[in-house]
Amino acid sequence: MPELPEVQTVVDTLRPKVRGKRVTSVRLNRTDIVQPSGFDLVAQLNDKIIEDVTRRGKKIVFRLNDDQQFYIHLGMTGRLTAETTSAALRPHTHLVLKVADLEVRFSDPRRFGGVFWLGHNASADDRMGPEPLTTRPQQLAKRLAKTTRAIKNALLDQSLIAGLGNIYVDESLFRAGIHPLVPADQLTSDEIARLNRAIKTTLRRAIRHRGSTLRDYMDANGNAGAFQKLHAVYDRAGRKCRRCGSPIERIVVGGRSTHFCPHCQRKR
DNA sequence: GTCCATGTTCTTTA
DNA sequence: CTAAAGAACATGGA
């Protein structure tokens, strides 16, 4: 559920509710969602002030008043919400922070997400590629030239470019008119310029529509996104291409379902 | 029962 | 040695 636009929307809705506020209690229901394992999250978080909440790739980064940092990754099914104490607790709620009159709750049925302590020294940038909203075409070109993998797989690699996932890679490739199986190092500079632009436009539109809700995603206020209604290819196999009317195809690339228009995204 | 899922990391293969 | 491909993780919905 959570790629860059969804994570950005969570941060945008959570930040005003917690920034500058003190964590007055910490309840950790499952210790195995914390990294490094065995770390005493409760002791380290309790009574700290949340100075800021920001996004890096798909990470939700918290900075505390003692200048320590940690991040929450939502994995596939994670939700991070700020709710009143009386709101019903979702199943699989692993962490609850009391912040002012609200509870910040992290729930995640599949537990692919988690809480990652960075402390003073570790950085949220570790093994992360550039932010796609500010990546320049030449920068993307240089990175793509280093791999023979299909462009679909390359764009999913967070160390190549950070924040894209299965939905927005498919949507961006459609907008750029590039077939998902083209080897990354064979894209022309023209195609890369188009791709770079398509990624930015797609992500900005998705953020404007508060992300895509397919099943689990909601922002910190519990609201679903609306961008799924505007998807051109993702989860639209067999339906008509919005541009040319051809049926959208679904193939499997690197174990992930991949959607594209065989007419608008020709393989060379 | 089967297959599939918005993600990442570890292991195996080439 | 390195890059790429595959398996694994855990749960729930169709």
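Throughout, a chain's letter reflects where its sequence line sits, starting with A, and its residues are numbered from 1.
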Which dot-bracket string describes DNA chain C (Watson-Crick N1-N3 plus N6-O4 or O6-N4, or G-U N1-O2 and O6-N3, all under 3.5 Å; [ ] crossing; | other strand)?
-> .||||||||.||||
Taking C-beta and beyond as the side chain, do A:Leu203 and A:Leu164 meet within less than 4.5 Å on heavy atoms?
-> yes
C:dG12 phosphate, OP1 or OP2, under 4.0 Å from A:Thr77 side-chain N/O | no
N or O in side chain of A:Arg250 less than 4.0 angstrom from B:dA5 OP1/OP2 | yes
Using the P atom as the reference point in each nucleotide, state the distance between C:dA8 and B:dT2 in Å, no decimals.
-> 16 Å
Within the structure shown, what part of the strands sits under 4.0 Å from A:Arg30 by heavy-atom distance: base, sugar-phosphate, or nothing?
-> nothing
Would you mind classifying the nucleic acid contact of A:Tyr168 as base, sugar-phosphate or nothing, using non-hydrogen atoms under 4.0 angstrom?
-> nothing
A:Ile33 CD1 to B:dG7 P, in whole Å, measures 19 Å
Of A:Gln158 and A:Arg110, whose closest DNA chain B nucleotide lies nearer the 5' terminus?
-> A:Arg110
Only one of A:Arg79, A:Lys17, A:Arg210 forms a salt bridge (Lys or Arg N to Asp or Glu O under 4.0 Å) with A:Asp219, so which one is it?
-> A:Arg210
For A:Ile167, does its backbone N or O pair with a side-chain atom of A:Glu3 as donor and acceptor, under 3.5 Å?
-> yes
Hey, is A:Phe112 doing a stacking thing with B:dT8, by the 5.5 Å centroid and 30° angle criteria?
-> no
Take A:Asp235 and A:Arg250 through the test salt bridge (charged side-chain N to carboxylate O under 4.0 Å, His left out) and record every step on the way to the result.
-> CA-CA 8 Å; A:Asp235 206 21; A:Arg250 177 189 177 277; over 6 Å; no
With no hydrogens and no angle check, is any side-chain donor or acceptor of A:Arg204 less than 3.5 Å from a backbone partner on A:Ala206?
-> no
Where the side chain of A:Met76 is defined as all heavy atoms beyond and including C-beta, which of C:dG13, C:dA5, B:dG7 is the nearest nucleotide?
-> B:dG7
Rounded interatomic separation in angstrom, taking CG from A:Leu155 and C1' from B:dT8 = 17 Å
Nearest-Å distance, CG (A:Leu156) to P (B:dA5)?
-> 13 Å
Proximity to the side chain of A:Arg111 - top-ranked nucleotide from B:dA5, B:dG7, C:dT11 = C:dT11
Whole Å only: how far is the CG atom of A:Leu214 from the P atom of C:dA14?
-> 13 Å
Distance between the P atoms of B:dC4 and C:dG6, in whole angstroms?
-> 16 Å
Nearest-Å distance, NE2 (A:His94) to P (C:dA10)?
-> 12 Å
Give a yes/no on whether any side-chain N or O of A:Arg149 is located under 4.0 angstrom from OP1 or OP2 of C:dA3.
-> no
Same apolar cluster (I L V M F W Y, side chains within < 4.5 Å links), A:Phe174/A:Val169 | no
Is A:Lys146 near enough to C:dA3 that one of its side-chain N or O atoms lies under 4.0 angstrom from OP1 or OP2?
-> no
Side-chain contact test, heavy atoms from C-beta onward, threshold under 4.5 Å: evaluate it for A:Arg111 versus A:Ile33 and give yes or no.
-> yes
A:His92 has an atom NE2; how far is it from atom P of C:dA10, in whole Å?
-> 13 Å
Using only side-chain N and O atoms of A:Thr147, determine if any of them is under 4.0 Å from OP1 or OP2 of C:dA3.
-> no
Check every strand shown and say whether A:Gly165 touches a base, only sugar-phosphate, or nothing at a heavy-atom separation below 4.0 Å.
-> sugar-phosphate
Which nucleotide sits closest to the side chain of A:Pro109: C:dG12, C:dA5, B:dG7?
-> C:dG12
Can you tell me the distance, in whole Å, between the CD atom of A:Gln35 and the C1' atom of B:dC10?
-> 13 Å
Nucleotide of B:dT8, C:dA5, C:dA4 approaching A:Thr148 most closely (side-chain heavy atoms) | C:dA4
Of C:dT11, B:dG7, C:dG13, the nucleotide closest to the side chain of A:Glu3 is B:dG7
Main-chain N/O of A:Asp108 paired to A:His94 side chain as donor or acceptor, under 3.5 Å = yes
Distance, rounded to the nearest Å, where A:Asp216 contributes CG and B:dG7 contributes P | 12 Å
Please confirm whether the backbone N or O of A:Thr258 pairs with a side-chain atom of A:Lys152, one donor and one acceptor, at under 3.5 Å?
-> no
